[in-house]
Every structure is written in structure tokens, then in C-alpha cells.
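Take a look at the structure set out below.
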There are 2 protein chains.
Amino acid sequence: MRPGAGEDEMNAEDPAPQRADGTVGKALEVLDMVADFERPVRFSELLAAERFPKATLFRLLQTLTSQGMLSYDPDRQSYAPGMRLVRLAHSAWRQSSLAPIARPHVDRLAAQVGETVHLAQLDNGQVLYVDKRNARQPVEMFSQAGKIGPAHCTGVGKAMLAFLEPGPLEDALARQSFHRFTDHTLTSAKALKADLARIRARGYAFDDEEHEPGIICLAAPILTRAGRVLGALSVTSTTERMNIPALEALAPGILQTAAAIAADAESWRFPEQDKRGGR
Amino acid sequence: MRPGAGEDEMNAEDPAPQRADGTVGKALEVLDMVADFERPVRFSELLAAERFPKATLFRLLQTLTSQGMLSYDPDRQSYAPGMRLVRLAHSAWRQSSLAPIARPHVDRLAAQVGETVHLAQLDNGQVLYVDKRNARQPVEMFSQAGKIGPAHCTGVGKAMLAFLEPGPLEDALARQSFHRFTDHTLTSAKALKADLARIRARGYAFDDEEHEPGIICLAAPILTRAGRVLGALSVTSTTERMNIPALEALAPGILQTAAAIAADAESWRFPEQDKRGGR
DNA sequence: AAACCGAGTTTCATTTATTGGAACCAACCA
DNA sequence: TGGTTGGTTCCAATAAATGAAACTCGGTTT
């Protein structure tokens, strides 16, 4: 089994979502659980929320804490994601995300259109924002990079879904909540697929107030020459300032930027540096 | 053994640095190793760099990859930190770091002094930058937040070390490389301790070109009322634009900001929200 | 004050996953 | 063709994870 390969021919009917490779998988599941709470969480809350037996959960938490992946506040007796994650994520962001490569292009586009620009990637069927240029105020750091969002009702999400292979697409669709955020939200796989077909034909996606009322956006996928989805790029505005046709006028610039990012990403090779960071 | 507690009375002579709780520890060690390379890394490179036997390392990598903690590029046959880390770090940054609480204060200070401002915390004896305000251009995202640096030769590092308890201090000192970056770098624990005493007396630290030539900074610790080190705050400039006395003139503002952050951090309690993110 | 409680922690025999030496496979040289 | 490197798989030995139950410790209740 090659790690990266996207197994097409897995049994289509595995009962449990077949997570958890051994102990490490469980530990990471706990880690996710703590992170999902978005606030310090107590042992008993985790215990209630999870299938692990007391003692097991306890040891898992201990291990993660002693490893710095979680931090424990003895006063409040609560766990929170630890700073080691931030350190690790720094590396991840720098070398696995599109952000460093795309930065100059995103900067240019943002300056050009004067609206908010998002750069996103697909992570487990969810949209993961990896960079953002806010028209005015300085970038909100992590509060945006690292944030996840739904794919079924965002421009970047749909732009990426539209160009997925059938296998990964089904997988991603299965992970959508299809939660209705607004009147315009597409709330079924069928409706979404119809839109995806249009997006594929058109080359870019709209979000016409599907996620938040008053917020519209145009998004283009970032694709390798071979057609693999790398990410997506979007320009967001409000119905007050703009409308869909006005956004569409920006499409050429956005598509061009997306293409430029794709080209850079593909030609990118890591310099064969041999120096190690000064630890 | 309470997870968070800083065991004072552990046998002072454990031979190996006693890492690795079980499998999870090993997996995380591999993760760190991959991250430390700061570039995609091949199986054999990791194998050479590490004590794990081939098969073990292989399985560890498989597990981490299938969990999304690493990404694997089949073409180049190389591993890199995965996007799941970015997602997790987002949570960590938001709730475990000082950054969200400190933001308004950091903003204000940055506007006031017109120089680069850093917010840092101590992570395993290293300085971990959690936020940054760049005098001019928009914030460099992760490229700064999540970055680690040496503690022995940076303003924020020394400001934090100076107010550590003897136990944690010794631990942190033992982790310093004491690498000489410039002529001014303090390269021994003895010299550093002398400086820490001055810092403790003075209330703030200088970095007088100890890390980079031409770069000077003034840093203040962020302390709880009880005296526990939460982090540090610094204003950085260049010898071209400023000098040490000029920086010292900014000290009151920096100290005041640090105090304000500490006060906010201490009064901060997480709102007892019960809603969960819309997964 | 004694009994009770519930959250958190530890123990220990049982079960299970991890381990790693060795064999294997597939390219790529020479 | 035969050697070599780089990566993957096997499987019996082993070490680690497991989880039911017992325990501890503050704070309640009766």
C-alpha cells in the first residue's frame, strides 16, 4: 500500500469509517477531539464525548501532554492543544501549503482587485484556508490561516470539488454536512453536483450568498497541468459593494493568478540545501 | 503523576534524555524529525538520521501519513509535514497562545513605536514566536508565527529566562546551544546568568546585536501576578535607526503593554459556550 | 461526624499492537 | 548479467496498550 495513493478500489461498504491505525491513531483522535472543543476541556467532558474507556483516555491524555501536544492547566483541570503543534504547523505551512509559493501572486491580485482574497486547500473534504489578504486591515494571522470551513457552500470549496476525480469526489461529498447556512445554500449532493458541472464548464465557481447572507465570491481552482487539484483562490465581496456580474468581470484576473500559482507550484523544487536550522 | 506538574524530585541522573512515551512518543519524534528538515525528506534520509530500524520507521511513517500528519509525495518519494497539523495548530494558537488576548495591546504598541513588535512564548527552552507586527508591510503569516528561535541570544528569550524558577531555568539552560551568532552573543551559561540577573533587576532585557549584527531590541517579560512567566514582548530595531538608549526610552510603554497583557490573560476565562463548531 | 459521592488516578492480569531481523522486490547502475 | 541501493513486506518474539476494578481525595449530604 503506497501511503499517498488514493485507493480507488477499497470496499465501498466498510461499516465504521475505519479510522485509527493503532495507538497513534487513537492518540491523534483524542488530539482532534480536544482541538474541536475550541476551548479548554475537562477530562470528564472528553470521557463523555468519546468511546474510550476511562483509563485509556487518561493515559492517552497523559502521553499527549507530556509530549507537548496538549497543555494541561492543573488549576482548572483542563486540557488544550499545545504549543508544539504551532511549531510543527509552521513547518507544515511553509513546505506543504501553497501559501509561500502563492504569496506574491496573492499579493498582486489583492492589490489589483482591492477585495479580500482567500487561498485554500482541501483537507479531508473540508476547506482549509491557508492564506488570506484582507483588503484593508493587516492580516488576521492564524485566525484565518488554519481555519477550516465547509466545502459545499463556499466558492473555494466548490471550485476544488468540481475538479476532483470521481473517486475522491465521492469521498469528499460523503464528508459534507450539507448544513443550510442561508436560503441559497445547496443542501443536497444532487444540487451540488449540478453546480459542480456548471463550474467545471465555466472554469470558476460562485458563492452567491450560500454561506453567509450578503457575502458573495468568485473562486478559481488551482490545477496542475495534469489536472490535479492543488487548491483554490477566491475574491470575496459583499452585495453592498458588488454583484455577481461585477465579480465576473474580475474572473480573467483571478484565473490568470490561479494559473500563475499552478505554474510556480509545478516548477517548484526545493533547493538542495544541506544546512540544518541552528538548533 | 499530575501531567502538568514540573516534577522537582526526579532522579537527576537519567542517562538518556528519557523521551518517548511508548509508540505515540516515537511517532511524534518522527514527526518532529520530518519537520526539522524544513524540506521534503526521503525515507533513507530519515533512516540515516534516526535510531529506528527500517521496518519500524517505515510503519511509523505510514501511520502518520494515513493520519494526515505527514504528506507523502509519491513522485519524489518524500515526506513533509501534513496539513492536519495546520488545522490543529489553528486551535492551539487560538486558545493556548497569548496572541489572541494580546492582539489589541500589540497593535497599539506597534502603532505607537512604529517598529517591529514580537510576541513570544517559551516552548521547551526555545523561543516560540506567536505573533508579530511588522512596522510596514502586512504581517507575514506563519512565516513568523510558529517560528522558533534560540533563547540565549534574543531579547524575548532572555526576558523569559530571567524570570523562570530555578528548576525550569536549569532545564531551559541545559537546552541552549549557546551557539555564537555574533561577537556579542553570550556563549556560556555563566555569562548568560549574569545577564539574567541584571535583567531581573532592571525588569527588561536587551538584545544588543547578540543574534544578528545590526539588530537590537528591548524585551519585557509577561508575568502573572504570582510571577509565572507567560511570555515576552519585544520591540526590535536596527542600529541604523536607533541605539540602545533610544530603545530604552520606549521601555515604559513596553512594560506597560506587557503588564496590560498579563492582566488580561489572568482575568481571561473561556466563555461557557455550549455550541460546537458546525462540522 | 460519619457516610457518601463523583471526578480523577492507579493497579495489574490480559490482550493486542509493535518490533525488527531477514527476506523480498524493483529500479538503477556498471 | 550481476551487483547495489532504496524501499516494502513477513512473522515470531516482545513490549506496550488495555480496561475493569480498586483507590484517593475534596467536597457534600444526612
Side-chain angles (χ1 to χ4, degrees), chain A residues 1-7 10 16 18-34 37 39-67 69-80 270 272, chain B residues 1-7 9-10 16 18-31 33-34 37 39-67 69-80 270 272:
Chain A
M1 185 214 286
R2 268 158 302 128
E7 309 302 355
M10 52 167 41
Q18 145 298 323
R19 254 197 175 185
D21 325 58
T23 318
V24 176
K26 287 173 200 169
L28 294 176
E29 195 176 328
V30 171
L31 195 56
D32 260 349
M33 191 162 60
V34 173
F37 267 88
R39 64 182 169 80
V41 60
R42 304 188 55 151
F43 178 83
S44 52
E45 300 184 88
L46 292 169
L47 185 59
E50 192 51 77
R51 55 193 180 72
F52 296 117
K54 233 191 204 183
T56 303
L57 180 62
F58 179 73
R59 258 173 304 98
L60 247 24
L61 286 170
Q62 284 232 133
T63 304
L64 288 168
T65 302
S66 100
Q67 290 292 327
M69 300 297 279
L70 290 178
S71 67
Y72 178 72
D73 179 340
D75 295 333
R76 288 200 232 331
Q77 295 192 144
S78 63
Y79 295 88
F270 275 80
E272 283 303 336
Chain B
M1 185 213 287
R2 269 156 305 132
E7 307 303 355
E9 31 87 66
M10 53 168 38
Q18 148 287 335
R19 254 200 177 182
D21 325 55
T23 319
V24 176
K26 287 172 199 167
L28 294 176
E29 194 176 330
V30 171
L31 194 57
M33 191 161 61
V34 173
F37 268 87
R39 64 181 169 83
V41 60
R42 304 189 54 152
F43 179 85
S44 52
E45 300 185 88
L46 292 170
L47 185 60
E50 192 50 77
R51 56 194 179 71
F52 295 117
K54 235 192 205 183
T56 302
L57 180 61
F58 179 72
R59 258 172 306 97
L60 247 24
L61 287 169
Q62 285 233 130
T63 304
L64 288 168
T65 302
S66 99
Q67 290 290 328
M69 300 297 280
L70 290 178
S71 68
Y72 178 72
D73 179 342
D75 296 333
R76 289 203 233 330
Q77 296 191 143
S78 64
Y79 296 87
F270 275 82
E272 283 303 335

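Numbered from 1 within each chain, the chains take letters A, B, ... in sequence-line order. Just so you know, these numbers come straight off a predicted model, no measurement behind them.
Protein atom CD of A:Glu29 is 16 Å distant from nucleotide atom P of D:dA17, rounded to whole Å. Between the CG atom of A:Leu46 and the P atom of C:dT9 there is a distance of 12 Å, given to the nearest Å. Taking atom CG of residue A:Leu28 and atom P of nucleotide D:dA17, one finds them 14 Å apart after rounding to whole Å. Per the geometry, CZ belonging to A:Phe58 stands 19 Å off P belonging to D:dA16, to the nearest Å. Distance A:Asp73 CG to C:dG8 C1': 15 Å, rounded to the nearest Å. The separation between A:Leu47 atom CG and C:dT9 atom P is 12 Å, rounded to whole Å. In this structure, B:Leu57 atom CG and D:dG6 atom P are separated by 14 Å, rounded to whole Å. A straight line from CD of A:Gln62 to P of D:dA16 spans 16 Å, rounded to a whole angstrom.
Judged by closest nucleotide on DNA chain C, A:Arg42 is the one of A:Val24 and A:Arg42 placed further toward the 5' end.
The side chain to side chain contact (heavy atoms under 4.5 Å, CB included) check on B:Gln77 picks up B:Arg42, B:Tyr72, with sequence neighbours excluded.
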Distances for protein N/O vs nucleotides 19-23 of chain C N/O pairs under 3.5 angstrom?
residue : atom : partner : partner atom : Å
C:dT19  : OP1  : B:Lys26 : NZ           : 3.2
C:dG20  : OP2  : B:Thr56 : OG1          : 3.1
C:dG20  : N7   : B:Arg59 : NH2          : 3.1

Applying side-chain contact (heavy atoms from CB on, under 4.5 Å), run through B:Phe43 and B:Leu57 and close with a yes or a no. CA-CA 8 Å; B:Phe43 179 85; B:Leu57 180 61; 4.3 Å; yes

Please determine whether side-chain contact (heavy atoms from CB on, under 4.5 Å) holds for the pair A:Leu46 and A:Phe37, giving the CA-CA distance in whole Å, both sets of side-chain angles, and the decisive distance to 0.1 Å. CA-CA 9 Å; A:Leu46 292 169; A:Phe37 267 88; 3.9 Å; yes

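Here B:Leu60 contributes atom CG and B:Leu31 contributes atom CG; the two are 10.0 Å apart, rounded to the nearest 0.5 Å. Atom CG of A:Asp73 sits about 11.5 Å away from atom OG1 of A:Thr65, to the nearest 0.5 Å. A distance of 13.0 Å separates NZ in A:Lys26 from CE in A:Met33, rounded to the nearest 0.5 Å.
Distances shown here put every side-chain N or O of B:Gln77 at or beyond 4.0 Å from the OP1 or OP2 atom of D:dG6.
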